[in-house]
Amino acid sequence: KWKGEGTTQNLESIVIGRCYDYIRIVNPSVGEKNCSQIWEAFKNAFINKDPCSILPEDYELFINLTFHTIPPNKSLFWENNQLLVNSFADRGRRYMSLGDTLFGFVGDFLNWCGQADSPGLDYESCPTTTECENNAVESFWRMLSIIYAKHSSGVIHVLLNGSAAGGAYPQPGFFADYEIPNLQKDKISQIVIWVVDDIEGPDIDSCGAHSVKTLETRLTALGYDVTCTDNDKSAPAAQRGPISSDRGGSWNKLMFVSFAGFLFRF
Ligand code: ENP
């Protein structure tokens, strides 16, 4: 019926299991959470409803039950870099991207939707955002993006893909539309943008050019202290240790490429 993939099989077990994995192993510092209640709140956001009439607010109870703070300087926003971000953030040990929070962790990589006339999940198909934007998955990430941006503080990092066909800073996009407008300026000391190309991918976008320039201009106009680094000056790789200054940019790029290559093997 719909063009999108249907609900992920075993959704309930996955959500409850991920919740326990998170609170017991990944990040016990969030404290005790009620994982069955979290599943109920998640499910009740979209079950038995028209799959095209789900709003971000429908996940409010889910957010209340899963919410925990995001440590200052740990927020990592991104576009078109999911696997690199997942590996680089290291499940919250290095950075805490939205997918490394309890609320994002339970839904990452999954698909879900209900149906108006039945209490069951639709395992056959779910609406894509082109079919209707008020679908269960889109509204989930919209709500989470807003909450994540509102609670981010200190130095904020943004990891963009310089090889993305539509530009490193897509508009529309979650970062452009739901995250930037919800950042709390008085809690943020700096915004650091990293533009990283795919290994052997085209160098389409970089700091000071095209869509990245648009982003830099927007953030500066909002009053943020913005810095931007391209991968050839070594962005994430620089975090792994000091880079000797006499070696120049190409060595740095090699450092980054081998680091990214290492990440991509996962
Ligand atoms: P894509 O299109 O590269 O990747 C979408 C995949 O990332 C889906 O598997 C989705 O899970 C998962 N995902 C993890 N975090 C988010 C998310 N936060 N989000 C949408 N999907 C997410 O990603 P997008 O659409 O460009 O979104 C990137 C955004 O995530 C950035 O704004 C970044 O700052 C933010 P699923 O359940 O859909 O299979 C917000 C929206 O963190």
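Both counts, for ligands and for their atoms, begin at 1 and track the order of listing.
Those atoms of ligand 1 that come under 4.0 Å of a heavy atom in F175, given as number and element, are 32 (O). Close approach of ligand 1 to G107 is summarised as follows: ligand atoms under 4.0 Å from at least one heavy atom of the residue are 37 (O).
Distance from atom 26 (O) of ligand 1 to its nearest protein heavy atom, with residue and atom name: E79 OE1, 2.6 Å. Residue, atom and distance of the protein heavy atom nearest to atom 13 (N) of ligand 1 are D108 OD1, 3.3 Å. The shortest contact between atom 12 (C) of ligand 1 and any protein heavy atom is with Q82 NE2, 3.0 Å. Summary of contacts: the protein heavy atom closest to atom 15 (N) of ligand 1 is W141 CZ3, 3.3 Å. Remark: minimum distance from atom 36 (P) of ligand 1 to any protein heavy atom is reached at L110 O, 3.3 Å.
A salt bridge is defined here as a Lys NZ or Arg NE, NH1 or NH2 lying under 4.0 Å from an Asp or Glu carboxylate O, and E12 with K43 fails to meet this definition. Taking the charged nitrogens against the carboxylate oxygens, E32 and R24 do have a contact shorter than 4.0 Å, which makes a salt bridge.
Y148 has its ring centre less than 6.0 Å from the ring centre of F77.
Using cut-offs of 30° and 60° on the angle between ring planes, the pair F140 and W112 is perpendicular. The aromatic rings of F46 and F42 lie perpendicular to each other, with more than 60° between the two planes, well past the 30° mark. The aromatic rings of W194 and Y95 stand perpendicular to each other, their planes meeting at an angle above 60°, with 30° marking the opposite boundary.
Note: no N/O pair closer than 3.5 Å links F77 and ligand 1 by distance alone. No N or O atom of L98 sits closer than 3.5 Å to an N or O atom of ligand 1. For ligand 1, the polar-atom distance check against F109 finds a nitrogen or oxygen pair separated by under 3.5 Å. By the 3.5 Å distance cut-off applied to N or O atoms, N81 is not counted among the residues near ligand 1.
At distances below 3.5 Å, not a single donor-acceptor pair connects side-chain atoms of D90 with backbone N or O atoms of R93. A donor-acceptor distance shorter than 3.5 angstrom exists from the side chain of Q115 to the backbone of L121, with no hydrogens or angles considered. Under the 3.5 Å distance criterion, the side-chain polar atoms of N161 are left unmatched by any main-chain donor or acceptor of A168.
Proximity of S97 to ligand 1 is not established, as no heavy-atom distance is less than 4.0 Å. Within the 4.0 Å heavy-atom cutoff, S145 counts among the residues contacting ligand 1. Within the structure, the closest approach of W112 to ligand 1 falls below 4.0 Å when heavy atoms are considered. Ligand 1 lies within reach of V137, whose nearest heavy atom is under 4.0 Å from it.
For the atom pair CG (N64) and OG1 (T66), the distance works out to 8.0 Å, reported to the nearest 0.5 Å.
By the criterion of a heavy-atom distance under 4.0 Å, the side chain of E179, and not its backbone, is placed next to ligand 1.
Residues satisfying the ring-ring contact (aromatic ring centres under 6.0 Å, His included) test with Y169, not counting sequence neighbours, are none.
Residue nearest to atom 1 (P) of ligand 1, selected from F174, W78, F105: W78 (by heavy-atom distance).
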